[in-house]
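Okay, so here's the structure we're looking at.
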Amino acid sequence: MNEKTMNLINKILYYVIAPILILEFILTDLHIISFTKILFIASVVVLLILCAISFFYKKQHPDYEFKANEMYTRILFAIILLECFYSAGFFKW
């Protein structure tokens with residue numbers, strides 16, 4: 001596996017899988033869709049496989065670094081944080 005392939009895997013993980021999981025959680029919380037175990041399990045399995053590949057590649061190549069968009073990272077972090085607060089009941093009065 002080379003660096004080009006790892007960049008592709010990280011882009012899929014970062015820009016496709018993570019937003020799909022967040023969108024699923026938000027739509028489920030808003031009762032727009034019902035929670036489906038199949039979609040959740042499939043998303044988590046793909047997420048774990050890609051994370052494992054990324055982790056092992058990074059372990060073998062310590063100088064490898066995936067450069068992500070900083071603004072995207074901040075927005076993704078804020079959405080995840082808000083979702084965690086909402087799931088914990090923080091916004092329910």
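Just the heavy atoms: all of them, side chains too, but no hydrogens, waters or symmetry mates, feed the values below.
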Could you please spell out the steps behind the side-chain contact (heavy atoms from CB on, under 4.5 Å) verdict for Ile26 and Ile32? CA-CA 9 Å; Ile26 291 172; Ile32 295 173; over 6 Å; no
Pairing residues for Thr28 by the side-chain hydrogen bond (donor to acceptor under 3.5 Å, both in side chains) criterion, not counting sequence neighbours: none
Ile12 CD1 to Ser54 OG distance, which is reported to the nearest 0.5 Å: 12.0 Å
If hydrophobic clusters are built by linking Ile, Leu, Val, Met, Phe, Trp and Tyr wherever their side-chain heavy atoms come under 4.5 Å apart, do Val45 and Phe56 end up in the same one? no
For Glu65, all residues meeting side-chain hydrogen bond (donor to acceptor under 3.5 Å, both in side chains), sequence neighbours excluded: none
With rounding to the nearest 0.5 Å, note down the distance linking CG in Leu48 to CD1 in Ile41. 11.5 Å
Determine whether Leu27 and Ile75 fall in the same hydrophobic cluster, where Ile, Leu, Val, Met, Phe, Trp and Tyr are linked whenever their side-chain heavy atoms lie under 4.5 Å apart. yes
Could you tell me the separation between the CZ atom of Phe25 and the CD1 atom of Ile33, rounded to the nearest 0.5 Å? 10.5 Å
Out of curiosity, does Phe55 fall in the hydrophobic cluster containing Ile9 (side-chain heavy atoms, cut-off under 4.5 Å, transitive links)? no
Heavy-atom side-chain contact between Met6 and Ile53 under 4.5 Å: yes
Return the minimal non-hydrogen interatomic distance between Tyr57 and Glu3, and the atom names on each side. OH-N, 3.4 Å
Between Ile20 and Ile38, is there a shared hydrophobic cluster once you connect ILVMFWY residues whose side-chain heavy atoms come closer than 4.5 Å? no
Once you round to the nearest 0.5 Å, how far does CG of Leu81 lie from CG of Leu76? 11.5 Å
Please tell me if the side chains of His61 and Asp63 come closer than 4.5 Å, counting only heavy atoms from C-beta onward. yes
In terms of ring plane angle, is the pair Phe66 and Tyr14 parallel, tilted or perpendicular, where the classes change at 30° and 60°? perpendicular
So does Leu8 get a backbone contact from the side chain of Lys4, meaning a donor-acceptor N/O pair under 3.5 Å? no
